[in-house]
Chemist: 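Sharing a structure here in structure tokens format.
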Amino acid sequence: MDTTLRINSAQVGSSFVAQIEKISGQKLLACYQCGKCSAGCPMAAYMDVLPNQMIRMAQLGMRQQLLETRAIWMCVSCLTCNSRCPKGIRIAEVIEALRKAALGGGERNDHLEIMELSPEARSVLPPIATISALRKLTS
Ligand code: SF4
Ligand code: SF4
């Protein structure tokens with residue numbers, strides 16, 4: 001029973017990393033947790049999970065926990081983290097991909113048609129959601 005659960009978790013994690021890598025075009029597994037992205041982030045004080053922790057959670061396949069964080073909506077796409085990463089990972093694109101995954105769901109989690117959402121949903125979405133829907137970074 002335990003073995004089955006471990007295999008399933010690994011499969012989910014692998015699938016989630018692959019999904020985010022596909023949307024963002026970034027190699028998440030290259031991150032070795034130096035923390036430079038978080039150290040330079042002007043929004044870190046407002047995040048419940050820091051940028052390097054987002055990468056780690058994605059590596060571990062913590063899909064649900066990560067997509068429910070406030071942090072993915074706090075990033076303002078200033079690109080400071082991108083310029084600091086010694087591994088060349090563009091973290092802002094990864095976070096944008098996480099927003100897409102959070103908004104899209106199901107089979108369409110790499111794409112969002114903002115006008116297909118209900119007026120109620122659009123009225124409560126943070127502005128960065130609309131920006132992400134327009135694929136500011138990953139188009
Ligand atoms: S792009 Fe987002 S995560 Fe990166 S430094 Fe700027 S606010 Fe922080
Ligand atoms: S700067 Fe790059 S390598 Fe360092 S923790 Fe952030 S994403 Fe990982």
Side-chain angles (χ1 to χ4, degrees):
M1 185 63 170
D2 282 343
T3 302
T4 303
L5 286 174
R6 277 198 297 275
I7 290 171
N8 286 343
S9 296
Q11 288 171 334
V12 168
S14 171
S15 168
F16 183 54
V17 167
Q19 176 198 4
I20 300 303
E21 286 192 340
K22 181 179 179 185
I23 299 172
S24 67
Q26 305 304 305
K27 297 293 184 190
L28 273 62
L29 298 181
C31 170
Y32 65 120
Q33 289 295 302
C34 70
K36 289 186 177 179
C37 50
S38 300
C41 176
M43 297 302 288
Y46 306 99
M47 293 178 171
D48 47 355
V49 172
L50 296 173
N52 69 297
Q53 294 172 324
M54 291 189 226
I55 302 289
R56 189 66 180 136
M57 290 172 76
Q59 289 174 337
L60 293 172
M62 299 171 67
R63 184 182 201 282
Q64 193 69 28
Q65 297 96 320
L66 183 49
L67 298 187
E68 289 179 354
T69 62
R70 188 175 68 243
I72 65 173
W73 305 108
M74 289 292 110
C75 168
V76 294
S77 301
C78 71
L79 311 185
T80 302
C81 52
N82 289 7
S83 69
R84 288 187 165 218
C85 179
K87 300 295 287 185
I89 301 167
R90 297 182 65 83
I91 300 97
E93 278 85 334
V94 173
I95 297 173
E96 185 183 76
L98 293 171
R99 290 195 289 258
K100 290 182 195 306
L103 288 168
E107 296 298 314
R108 298 188 52 220
N109 49 16
D110 65 342
H111 184 69
L112 175 71
E113 287 292 343
I114 199 82
M115 295 312 292
E116 289 182 7
L117 296 172
S118 68
E120 293 76 22
R122 289 202 301 273
S123 71
V124 298
L125 282 176
I128 197 72
T130 308
I131 295 169
S132 286
L134 296 172
R135 312 201 72 166
K136 178 186 176 192
L137 298 176
T138 55
S139 58

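The figures here come from the full heavy-atom set of this structure, side chains too, leaving out hydrogens, waters and symmetry mates.
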Chemist: Quickly, which of Pro51, Pro86, Cys85 forms a side-chain contact (heavy atoms from CB on, under 4.5 Å) with Cys37? Name it, please.
Modeler: Pro51
Chemist: Using the rule given for side chain to side chain contact (heavy atoms under 4.5 Å, CB included), can you reason through Thr80 versus Arg84, listing the C-alpha separation, both sets of side-chain angles and the distance that settles it, and then say yes or no?
Modeler: CA-CA 6 Å; Thr80 302; Arg84 288 187 165 218; 4.0 Å; yes
Chemist: Output the distance between atom NZ (Lys87) and atom CD1 (Ile55), rounded to the nearest 0.5 Å.
Modeler: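 Between atom NZ of Lys87 and atom CD1 of Ile55 there are 13.0 Å.
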Chemist: Quick one: pull up CG in Leu50 and OG1 in Thr69 and give me the separation to the nearest 0.5 Å.
Modeler: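 Separation between the atoms: 10.5 Å.
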Chemist: Would a distance-only check, ignoring hydrogens and angles, find a side-chain to backbone donor-acceptor pair under 3.5 Å from Asn82 to Ile91?
Modeler: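 Such a contact is found between Asn82 side chain and Ile91 backbone.
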Chemist: For the CD atom of Gln19 and the CG atom of Leu98, what is their distance to the nearest 0.5 Å?
Modeler: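 Taking CD in Gln19 and CG in Leu98, the distance rounds to 9.0 Å.
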Chemist: Could you tell me the separation between the CE atom of Met54 and the SG atom of Cys31, rounded to the nearest 0.5 Å?
Modeler: 12.0 Å
Chemist: Who pairs with Glu68 by side chain to side chain donor-acceptor pair (under 3.5 Å), at least two apart in sequence or on another chain?
Modeler: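 Partners of Glu68 by the side chain to side chain donor-acceptor pair (under 3.5 Å) criterion, ordered by chain and then number, come out as Gln64.
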Chemist: Please examine the side chains of Trp73 and Cys75, heavy atoms only from C-beta on, and report whether any two atoms are closer than 4.5 Å.
Modeler: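 Result no, sub-4.5 Å side-chain heavy-atom pair not found.
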Chemist: What pair of heavy atoms forms the shortest contact from Ala97 to Ile23, and how long is it?
Modeler: CB-CG2, 3.6 Å
Chemist: Is there side-chain contact between Leu60 and Phe16, with heavy atoms separated by less than 4.5 Å?
Modeler: no
Chemist: A side-chain contact here means heavy atoms from C-beta on lying under 4.5 Å apart; do Glu21 and Gln26 qualify?
Modeler: no
Chemist: Sequence neighbours left out, what passes side chain to side chain donor-acceptor pair (under 3.5 Å) with Arg56? Give chain and number order.
Modeler: Gln59
Chemist: Kindly indicate, with the supporting measurements, whether the criterion side chain to side chain contact (heavy atoms under 4.5 Å, CB included) is fulfilled by Met47 and Cys41.
Modeler: CA-CA 10 Å; Met47 293 178 171; Cys41 176; 3.8 Å; yes
Chemist: What's the shortest heavy-atom distance between Tyr46 and Met74, and which atoms?
Modeler: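 Residues Tyr46 and Met74, closest heavy atoms: O-CG, 3.5 Å.
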Chemist: Counting N and O atoms only, with roles assigned by atom type, does the side chain of Asp48 sit under 3.5 Å from a partner on the main chain of Ala71, one being a donor and the other an acceptor?
Modeler: yes
Chemist: Passes side chain to side chain contact (heavy atoms under 4.5 Å, CB included), Leu28 versus Ile89? Steps please.
Modeler: CA-CA 7 Å; Leu28 273 62; Ile89 301 167; 5.6 Å; no
Chemist: Could you tell me whether a side-chain N or O of Ser38 sits under 3.5 Å from a main-chain N or O of Asn52, the two making a donor and an acceptor?
Modeler: yes
Chemist: How long is the straight-line distance from CD of Glu96 back to OG of Ser77, given to the nearest 0.5 Å?
Modeler: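 Here the interatomic distance stands at 6.0 Å.
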